[in-house]
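Report on the structure given below.
Convention: sequence-line order gives letters A, B, ...; per-chain numbering from 1.
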Protein chains: 2
Amino acid sequence: MNKVLIFTSFVYNIAKTRIKADEFDCVICADGGLTVAKTLGITPDILIGDFDSTKLPQCDNIIRLPMEKNMTDTEAAIDLAISKGYTDITILGGLGGRFDHTMGNIGMLAKHLDRDKKVCIVDGSNKVFMLLPGTYDIEKSSYKYLGLVSYGKECENLSISGVKYPLEDYRLPNDTTLGVSNEILENTARLSFTSGKLLLIQSND
Amino acid sequence: MNKVLIFTSFVYNIAKTRIKADEFDCVICADGGLTVAKTLGITPDILIGDFDSTKLPQCDNIIRLPMEKNMTDTEAAIDLAISKGYTDITILGGLGGRFDHTMGNIGMLAKHLDRDKKVCIVDGSNKVFMLLPGTYDIEKSSYKYLGLVSYGKECENLSISGVKYPLEDYRLPNDTTLGVSNEILENTARLSFTSGKLLLIQSND
C-alpha cells in the first residue's frame, strides 16, 4: 500500500494523459476531480472536497470539507493521502486554468519535499517533481523537454550532463528562463546541486 | 510611448481574452505568438524569435534569434521591449501548456520587479502581477477570485482587508494554499506586506 493517485478538477491536455488507475493502490478525487476521473472511466476510492461548485455526488466514501477553510481541496486530499500512509503520490492536473491554484499546487511539492516521500504532478503534457539537493539520474523518456527551475530563491552548484545544454557548478536564480527547454541526449542525464529547491519539469509540446 | 503588448505562443482560454491592441503603443510577438495574434486579428509591430517550430514569416520587422541561447523567446521579447523604453508591459499567455515555460514566465515577473516598471501576465482566465513590499489598493473588477502566493520564500506581515478572508500581519510561506481563492467584497481591497515577493493573481473559473 504505497501509491496513490489524486485527481484535481483541471487536467490540461487530458486526451494525452497516460494514467492507469490499476497501477495505484488508492484513487482520491479532490472535489471536481470526480468529473475528470469519470472522463477517464476511473472510479475513485475516496472523494474529498467542499463541493461548492459541484453537486454532492452519491458515493459511500465522501469526506465533506467546510467551504471556508485555510486550504484547497487538493491540499486536503494530499494531507489525507499522507495520513493514510501513502508516500508515493501522483497528482493529476492542477497546472493550468486558475493560476492561483496552479501556484498553490506547486507549493504542495515544496510542503511535502522530503526524502521519504515522492510527490509529482502530471497532466497530458507535463510531469513535475521538486528536488532537494543531491545527485539524481534521470532516464530519457517519451518527454522531449527537460526544464530546470529554481523554486524558492536559487539553486547552487547546479550541474547537469547527458543533455543538450550541460551546466557545471551553475548558480540558478528564480528569475531566469535559462533552465527551460533542455533535452536529454544520453540514456540517462545526471543532475546535481548543493542547495535550494529545484523544479524538474519534463514536458512535450 | 509606454504600453507594450507581448504575445506568447500559448494563451489559455483565448476566447475570453479581452485584449484591445489599440490600447498599446507597440505589439511584439514572441515566435509562435504570431499565430495567436492572427487569431485575434492583431498585426504585430515586431516579431522576435528563433522560429524553430514555425516557418519564418514574411514581415518587415523581424529579429531572428539563434536557436541555441540562454533564454526563451518570451524573455528576449521582454528585454527588447525594455530596451526600447517601455515600462508598462503586458504579456499575453504563457500560463499553461509547457510548464517549464510557465515557471520561466513567472520568473520574468521577478526579474523585472521594480517600482519603475509594471509587468503583468494575462490570459482568458487570469491576470498575474508580482509585488514588492508596500501598500496597495486593488479595485474590485470582473475577476471573481483574488489569490495571494509568496514567490521566493515568504512574505512577512501580510495584511489584506475588504476581502472575504482578511489577514492581519500574517507570515505567508511558499508551501501553502492558504492564499488561494480569496474574493474582493468592498469596492477596493487594501493589501500590505513588509518583505518578500508576492504574486497577486486575479482569476475566473
Practice task
Using non-hydrogen atoms and a 4.5 Å limit, figure out which bit of B:Thr74 sits close to chain A: side chain, backbone, both or neither.
Solution key: neither

I need the [X] [atom1] to [Y] [atom2] distance, nearest 0.5 Å.
{"X": "A:Asp73", "Y": "B:Thr177", "atom1": "CG", "atom2": "OG1", "result": "9.0 Å"}
{"X": "A:Asn126", "Y": "B:His101", "atom1": "CG", "atom2": "NE2", "result": "10.5 Å"}
{"X": "A:Asp175", "Y": "B:Glu75", "atom1": "CG", "atom2": "CD", "result": "8.5 Å"}

Show the nearest heavy-atom pair for residues [X] and [Y], with the distance to one decimal.
{"X": "B:Asn174", "Y": "A:Tyr151", "value": "O-OH, 2.7 Å"}
{"X": "B:Asp100", "Y": "A:Val149", "value": "O-CG2, 4.4 Å"}
{"X": "B:Val180", "Y": "A:Thr72", "value": "CG1-CG2, 3.7 Å"}

Should we say atom [atom1] of [X] is surrounded by more than 12 heavy atoms from elsewhere, each under 6.0 Å from it?
{"X": "B:Lys118", "atom1": "NZ", "answer": "no"}
{"X": "B:Lys127", "atom1": "NZ", "answer": "no"}
{"X": "B:Asn187", "atom1": "CG", "answer": "no"}
{"X": "B:Lys16", "atom1": "NZ", "answer": "no"}

Practice task
Report, by ascending residue number, the residues of residues 152-159 of chain B in heavy-atom contact with chain A at a distance under 4.5 Å; give 'none' if the set is empty.
Solution key: B:Gly152, B:Lys153

Problem - Contacts with chain A made by residues 103-112 of chain B (heavy-atom distance under 4.5 Å), listed by residue number - result: B:Met103, B:Gly104, B:Ile106, B:Gly107, B:Met108, B:Ala110, B:Lys111

Checking [X] against chain B: side chain, backbone, both or neither under 4.5 Å from a heavy atom?
{"X": "A:Leu113", "result": "neither"}
{"X": "A:Asn204", "result": "backbone"}
{"X": "A:Ser9", "result": "neither"}
{"X": "A:Glu68", "result": "both"}

Handout entry: Choice from A:Leu148, A:Val128, A:Ile201, A:Ile121 maximising heavy atom contacts with chain B below 4.5 Å
Key = A:Ile201

Exercise for the section: Please examine the side chains of B:Asp205 and A:Arg98, heavy atoms only from C-beta on, and report whether any two atoms are closer than 4.5 Å. Expected result: yes

Practice task
Examine A:Phe99 together with B:Tyr145 and report whether their ring centres are nearer than 6.0 Å.
Solution key: no

Completion exercise
Ranking B:Gly97, B:Gly96, B:Gly147, B:Ser125 by heavy-atom pairs under 4.5 Å to chain A gives rank one to B:Gly97

